[in-house]
Amino acid sequence: MDIAPDRLPKTQAQAAALVRDVLPDPSAFGPGAVRRTPYESDPRRWPVLGDDCVWQQRALPKDVLATLTRSYEIPASDGKAALRLSAVVTAHRTAEQADWENAEVLEEMMRCPSQQLRSDELITSLRDIPVSLGEFGNEFAEDSLTELGSYTSAEAGGSHPYIWEQTRIGQFTLAVSAKGARGWSQAELLDRLRDPHVGMRSSLRGAIERDPSEPGGDTKGDAKNAADGGAKGAASGDAKGAADGGASGDAKGDRR
């Protein structure tokens with residue numbers, strides 16, 4: 001990746017604008033997807049997993065320039081219950097701080113394999129699959145991970161599959177999630193998350209990478225974009241296999 005320093009956000013306002021540009025519209029999640037209410041999170045707040053394994057909202061830390069979560073839904077139809085989806089983009093001040101966020105996801109899973117999202121929402125049997133740049137076809141991000149588990153709630157019942165997918169590009173982290181519901185298979189959740197995640201990465205790279213026509217620009221951008229989709233499919237396949245082998249899949253909700 002050939003990131004252009006002059007294209008990176010320098011202020012909170014610049015970062016907030018970029019985050020909004022990168023986040024997908026509902027249509028990215030496929031037919032029938034609509035906005036949930038509330039559609040966007042409070043950009044001044046940040047989720048923190050407490051010692052009791054319960055998620056709480058706290059003030060935005062100083063190392064974060066901007067973060068925003070959008071929530072989506074595929075309404076109930078054809079014997080399937082409503083499916084909840086989300087996407088989140090976070091701009092840190094440095095790549096090292098973004099890398100630490102990715103590491104924290106792994107630490108949280110090991111510390112709390114069961115986590116309380118809200119008073120009536122629980123994810124359990126969490127298992128993370130980390131993939132570094134160059135591994136398993138990952139040529140699109142410094143780090144990528146897929147978290148699988150089981151989701152239950154007062155509304156959806158359960159347990160159902162749960163998926164949280166996160167990647168890091170420079171000082172940015174991008175994630176999508178799906179909270180399973182009656183009638184939805186893990187494979188269907190992975191399919192719904194694939195295109196918006198690829199689109200977010202492509203949008204971010206287009207905003208921060210050096211123009212190939214500039215001196216020293218990366219002329220392999222098109223190849224990266226093409227590989228992104230293929231590698232994502234392979235990564236999803238690995239996630240499916242891992243889940244079938246021991247982790248019950250279920251989508252992580254509005255954790256970020």
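Positions are given from 1 along the sequence. Everything numeric in this text was worked out from a predicted model, so none of it was measured.
The side-chain heavy atoms of Ser153 and Arg118, taken from C-beta on, include no pair separated by under 4.5 Å. A 4.5 Å side-chain heavy-atom check between Thr146 and Glu165 finds at least one atom pair inside the cut-off. Contact annotation: the side chain of Ile208 approaches that of Leu18 to within less than 4.5 Å [non-hydrogen atoms, C-beta and beyond]. Side chains of Trp55 and Glu108 form a contact here, defined as non-hydrogen atoms less than 4.5 Å apart. Taking 4.5 Å as the limit, some side-chain heavy atom of Pro47 sits within range of a side-chain heavy atom of Gln57. By the 4.5 Å heavy-atom criterion applied to side chains, Met200 and Val22 are counted as neighbours. Residues Pro5 and Arg210 meet the side-chain proximity criterion, which asks for heavy atoms closer than 4.5 Å.
The aromatic rings of Phe29 and Tyr72 lie tilted to each other, with the angle between the two planes from 30° to 60°.
At most 12 heavy atoms of other shown residues, nucleotides or ligands fall within 6.0 angstrom of atom CG in Asp51.
A side chain to side chain contact (heavy atoms under 4.5 Å, CB included) with Ser114 is found for exactly one of Leu126, Ile123, Thr124, namely Thr124. Screening Thr69, Thr173, Val19 for a side chain to side chain contact (heavy atoms under 4.5 Å, CB included) involving Val88 leaves a single residue, Thr69.
Cluster annotation: Val54 is not connected to Met109 through the hydrophobic network of ILVMFWY side chains, with a link wherever side-chain heavy atoms come within less than 4.5 Å.
Donor-acceptor pairing under 3.5 Å is lacking for the side chains of Glu96 and Trp100.
At least one donor-acceptor pair under 3.5 Å links the side chain of Arg182 to the backbone N or O of Gly79. With hydrogens and angles ignored, the 3.5 Å screen pairs a side-chain donor or acceptor of Gln171 with a backbone N or O of His92. Checking side-chain atoms of Arg7 against main-chain N and O of Glu209 turns up a donor-acceptor pair under 3.5 Å. Listed for the Asp25 side chain is no donor-acceptor partner under 3.5 Å among the backbone atoms of Ser27. Judged by distance alone, with hydrogens and angles left aside, the side-chain atoms of Arg205 form no donor-acceptor pair with the main-chain N or O of Ala207 at under 3.5 Å. Of the possible polar contacts, none joining the Glu73 side chain to the Ala33 backbone as a donor-acceptor pair under 3.5 Å is found.
When every heavy atom of Ala28 is checked against every heavy atom of Pro196, the shortest pair comes out as O-CD, 3.3 Å. The heavy-atom pair separating Ala181 from Ala82 by the smallest distance is CB-O, 3.2 Å. For Pro113 against Met110, the heavy-atom pair with the smallest separation is CD-O, 4.0 Å. Residues Leu65 and Gln12 come closest through the heavy atom pair O-CG, 3.6 Å. Of all the heavy atoms in Tyr39 and Pro24, the pair that sits closest is OH-O, 3.8 Å. When every heavy atom of Ala81 is checked against every heavy atom of Trp184, the shortest pair comes out as O-NE1, 2.9 Å.
To the nearest 0.5 Å, the span separating OG on Ser125 from CG on Leu148 amounts to 11.0 Å. Rounding to the nearest 0.5 Å gives a distance of 4.5 Å between CG of Leu49 and CZ of Arg111. Between the CZ atom in Phe172 and the OG1 atom in Thr90 there is a gap of 10.5 Å [rounded to 0.5 Å]. Note: Leu83 CG to Leu85 CG = 4.5 Å, rounded to the nearest 0.5 Å. Annotation: the span from Lys62 atom NZ to Gln97 atom CD amounts to 12.5 Å, rounded to 0.5 Å. Atom CD1 of Ile163 sits about 12.5 Å away from atom CZ of Arg192, to the nearest 0.5 Å.
Between Lys179 and Glu155, none of the side-chain N atoms (NZ, or NE/NH1/NH2) sits under 4.0 Å from a carboxylate O, so this pair counts as no salt bridge.
Each salt bridge (Lys or Arg N to Asp or Glu O under 4.0 Å) pair with one or both residues in residues 11-24, not counting sequence neighbours, appears once here: Arg20-Glu40.
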